[in-house]
2 protein chains.
Amino acid sequence: MTQEQDQQPRGTRVRGTKQASALASALTSLPGFCSAQEIHAELRRRGETVGLTTVYRHLQVLSETGAVDTIRDPSGEILYRQCGSTVHHHHLTCRVCGSSVEVEGRAVEQWAEKVAAEAGFTAVDHTVELFGLCPGHSASPMEPPA
Amino acid sequence: MTQEQDQQPRGTRVRGTKQASALASALTSLPGFCSAQEIHAELRRRGETVGLTTVYRHLQVLSETGAVDTIRDPSGEILYRQCGSTVHHHHLTCRVCGSSVEVEGRAVEQWAEKVAAEAGFTAVDHTVELFGLCPGHSASPMEPPA
DNA sequence: CCGAGAATAAAAACGATTATCATTAACAGC
DNA sequence: GCTGTTAATGATAATCGTTTTTATTCTCGG
């Protein structure tokens, strides 16, 4: 588990980013994608006093920077996950446990560019979300054949 | 939600209400994707007395039926559009005018199935949204002196 | 050490969607 | 054609995630 390790109590540190590091730490510890409010709850659970506003703002900044990756839940909720690579990619997320696998989106990007070019569209942005059942949750014996 | 009683219909499943036809008519007249509230506003503009609840309910039913296609705005808002084909497909939508082009998603579906199989995932559902600038709105970075 | 300025956090605002429930209207039978 | 049953309707309020507001706190620079 992660225990609060006071690295720099009060001194040489980037501008008022105690909450930022706490947020980053929480993000690292959280396994898969999770909502902003879940992250906030996790921080609160740790005893960190971080406001929901700050969580949202940092998440927004981090997503713009590319430090975290954002997807959209089927219900429209935004989920965040720490993501080191800044390149564009996609995720395959388990509906049950939330674990996600980074998948290569090269084929999709090529396809997107192709269909965009054929239609004469420019500045095309694409959103691809993949949700499924991970190997550990694929076996559903309680699902009788319809 | 589980009010779907697919018992053998004696004749008509849904009652021929004028709101339903008005909604269908509005959907037909509206060019591209539009939000539920825009559709409601359009109906009101026409003088039709249709409640927002009814608009949402019909839109939901229609989307389940496949009569309308739904996408998600970058802001998370759900947009609807009349769509005759019930097969799974995707859209390339202009950010400016909202016009959309149906694009063939076969390549994406194959890709999705492939990466899902490689990761051992099952029951994978994919969401693909394409937003761009249509030929008429492809503004170059340098605004030409009009 | 003090001040300027940004960052923070609590609460309220906001917007889209959904649930509630009394009322209305459609369809079928008479 | 009229009436009854039953589903559909629709105004309001609730819900939920997100954004904005505003006062306060804190870091940094001088």
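Throughout, protein chains are lettered first and strands after them, A, B, ... in sequence-line order, and every chain is numbered starting at 1.
- When the P atom of dT17(C) is taken as reference, atom CG of Asp73(A) falls 15 Å away, rounded to whole Å.
- For the pair Leu43(A) CG and dA10(C) P, the interatomic distance rounds to 12 Å; values are reported in whole Å.
- Taking 4.0 angstrom as the limit, His40(A) places none of its side-chain polar atoms (N or O) nearer than this to OP1 or OP2 of dA9(C).
- Heavy atoms of Gln19(B) sit under 4.0 angstrom from primed sugar atoms or phosphate atoms, though from no base atom.
- In this structure, the CD1 atom of Ile39(A) is 13 Å from the C1' atom of dG17(D), given to the nearest Å.
- Checked for salt-bridge contact, Arg106(B) and Glu104(B) meet the test: a charged N lies under 4.0 Å from a carboxylate O.
- Each of Leu52(A) and Glu77(B) was matched to the nucleotide of DNA chain C holding its nearest heavy atom; the match closer to the 5' end belongs to Leu52(A).
- Placement of Phe33(A) and Val55(A) in two distinct hydrophobic clusters is found when ILVMFWY residues are connected by side-chain heavy-atom separations under 4.5 Å, directly or transitively.
- Rounded to whole angstrom, the span from the CG atom of Leu59(B) across to the C1' atom of dA16(C) amounts to 13 Å.
- One can find a donor-acceptor pair under 3.5 Å joining the base of dA11(D) and the side-chain atoms of Thr53(B).
- Between Arg57(A) and dA7(C), a side-chain N or O to OP1/OP2 separation shorter than 4.0 Å is absent.
- Lys18(B) has its NZ atom 11 Å from the P atom of dT9(D), to the nearest Å.
- The pair Glu42(B)-Arg45(B) counts as a salt bridge, with a side-chain nitrogen and a carboxylate oxygen less than 4.0 angstrom apart.
- Whole-Å rounding puts the Glu48(A) CD to dA10(C) P distance at 13 Å.
- Using modelled atom types and a 3.5 Å distance limit, the side chains of Thr127(A) and Arg72(B) yield no donor-acceptor pair.
- Not one side-chain nitrogen or oxygen of His58(B) sits closer than 4.0 Å to the OP1 or OP2 atom of dA8(D).
- dC16(D) atom P lies 17 Å from atom CG of Leu79(A), rounded to whole Å.
- Checking dT17(C), dT9(D), dT8(C) against the side-chain heavy atoms of Gln37(B) singles out dT17(C) as nearest.
- Phosphate contact (OP1/OP2 of dA10(C), side-chain N/O of Arg44(A), threshold under 4.0 Å): present.
- Checked by atom type, the side-chain pair Arg81(A)/Ser100(A) shows a donor-acceptor distance below 3.5 Å.
- Taking only side-chain nitrogens and oxygens, Thr17(B) never comes nearer than 4.0 Å to OP1 or OP2 of dA26(C).
- Close to dT17(C), at under 4.0 Å from its OP1 or OP2, lies a side-chain N or O of Tyr56(B).
- Looking at Ser35(B), its side chain has no donor and acceptor atom pair within 3.5 Å of the base of dA16(C).
- Here the C1' atom of nucleotide dT9(D) and the CD atom of Gln60(B) are 15 Å apart, to the nearest Å.
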